[in-house]
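When a ligand or atom number is given, it counts from 1 through the structure's own listing order. Note that these values count all heavy atoms, side chains included, but never hydrogens, waters or copies made by symmetry.
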Amino acid sequence: MRRIAIFASGNGTNAENLIKHFFYNESVMVAAVFCNNPDAKVLEKARTYAIPTVVFNREDLYETNRVLRDLRELEINFIALAGFMWLVPDYLVQEYRDKIINVHPALLPKYGGKGMYGKKVHEAVIQNKEKESGITIHYVNENYDEGAIIYQHKCEVAADETPESLAEKVHRLEYEHYPEVIEELLSGV
Ligand code: GAR
């Protein structure tokens, strides 16, 4: 059994989509949701499906090995970031080399890097009058949004697009493609 941990910071609609997608899968399961915000909606969502949750703070993640200890204890062998807003520390990247992936709500290498998340990404895309945006699924390395790209899918940015409408389009692409990309990666392991 491949055991995935989802790392998320906020609403967790992607997390919920992944939980649902793998719920009856016989070889892959979402074994835990790790979250840096005790008030995040993703925690309620995880609990609805009886998925174990781990809440941690900055100190836990960057100055102790608590998160790593919990990942090992839960026998996690793959990590999917889904709206996780903090930098993954080096020791986790090393322990899970090529086993941590992220979904980014734009076409990297454009509109990535520190501070580029969620709505801010869509605002920048519209501000720059881009004709297209989309999603990028990539491996996580030591820098924000710089790991090797696994998959991209484009969508049109309409002339009257708003950050909200673009976020909706991009979310739809994420729901459709993130689970299947994970499934494909894990079937090859
Ligand atoms: C998603 O669109 C995801 O791509 C983005 O945050 C949103 C989370 O939504 N991630 C980033 O911007 C990471 N740089 P959700 O909490 O509803 O899944």
Side-chain angles (χ1 to χ4, degrees), residues 4-23 30 32-49 51 53-56 58 61 78-89 92-93 96 100-128 130 132-157 161-182 185:
I4 303 177
I6 297 174
F7 275 51
S9 303
N11 273 341
T13 64
N14 273 288
E16 183 173 27
N17 185 55
L18 291 173
I19 290 169
K20 280 172 150 170
H21 181 87
F22 290 110
F23 209 73
V30 175
V33 168
F34 281 64
C35 180
N36 59 304
N37 172 7
D39 300 320
K41 291 214 176 84
V42 69
L43 291 170
E44 287 163 38
K45 292 192 171 87
R47 288 174 194 137
T48 305
Y49 296 89
I51 307 292
T53 57
V54 175
V55 178
F56 56 86
R58 258 183 200 284
L61 183 64
F78 191 85
I79 299 174
L81 309 188
F84 182 62
M85 301 309 171
W86 289 359
L87 187 66
V88 176
L92 275 188
V93 174
Y96 286 90
I100 311 180
I101 68 168
N102 178 42
V103 62
H104 186 78
L107 299 172
L108 290 174
K110 283 173 138 187
Y111 305 105
K114 193 170 194 286
M116 271 300 193
Y117 55 84
K119 199 174 164 198
K120 291 188 186 175
V121 174
H122 306 308
E123 282 168 353
V125 166
I126 289 170
Q127 183 114 32
N128 286 345
E130 296 285 356
E132 56 186 24
S133 189
I135 61 168
T136 303
I137 297 170
H138 64 94
Y139 288 109
V140 170
N141 68 11
E142 287 82 353
N143 305 312
Y144 277 111
D145 304 324
E146 284 185 13
I149 292 173
I150 302 164
Y151 177 86
Q152 290 187 305
H153 198 106
K154 291 178 182 171
C155 65
E156 190 200 353
V157 179
E161 203 78 56
T162 64
E164 290 73 24
S165 65
L166 185 54
E168 212 176 297
K169 273 187 189 170
V170 165
H171 263 118
R172 252 184 271 132
L173 291 180
E174 292 176 338
Y175 302 152
E176 189 179 342
H177 299 288
Y178 202 24
E180 71 187 25
V181 168
I182 292 175
L185 284 176

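- The protein heavy-atom contact nearest to atom 12 (O) of ligand 1 is G118 N, 2.9 Å.
- Salt-bridge annotation for R172 and E168: present, with a side-chain N of the basic residue lying under 4.0 Å from a carboxylate O of the acidic one.
- Of all the atoms in ligand 1, the ones that sit under 4.0 Å from a non-hydrogen atom of G83 are 6 (O), 8 (C), 10 (N).
- Close contacts between ligand 1 and T13 involve ligand atoms 15 (P), 16 (O), 17 (O), 18 (O) [criterion: under 4.0 Å to a heavy atom].
- Checking only distances, G12 does come within under 3.5 Å of ligand 1, N or O to N or O.
- Note: no N/O pair closer than 3.5 Å links G10 and ligand 1 by distance alone.
- At a 3.5 angstrom cut-off on N or O pairs, D145 does not count as close to ligand 1.
- A 6.0 Å sphere centred on CD of Q127 holds no more than 12 heavy atoms belonging to other residues, nucleotides or ligands.
- The protein non-hydrogen atom at the shortest distance from atom 9 (O) of ligand 1 is H171 NE2, 3.0 Å.
- Looking only at side-chain heavy atoms (C-beta outward), K119 and E164 come within less than 4.5 Å of each other.
- Summarising the geometry of N17 relative to E174, their closest heavy-atom pair is ND2-O, 4.4 Å, with the distance given to 0.1 Å.
- In terms of heavy-atom proximity, S9 sits nearest to A40 at O-CB, 3.4 Å.
- Close contacts between ligand 1 and P105 involve ligand atoms 2 (O), 4 (O), 5 (C), 10 (N), 11 (C), 12 (O) [criterion: under 4.0 Å to a heavy atom].
- The aromatic rings of F7 and F84 stand perpendicular to each other, their planes meeting at an angle above 60°, with 30° marking the opposite boundary.
- Heavy-atom contacts of E174 reach the following atoms of ligand 1: 1 (C), 2 (O), 3 (C), 4 (O) (cutoff under 4.0 Å).
- Proximity of M116 to ligand 1 is established by a heavy-atom distance of less than 4.0 Å.
- Using 4.0 Å as the threshold, V103 has a heavy atom nearer than that to some atom of ligand 1.
- The nearest pair of heavy atoms linking Y178 to I101 is OH-O, 3.3 Å.
- The two residues I150 and H138 make their nearest non-hydrogen contact at CD1-C, 3.8 Å.
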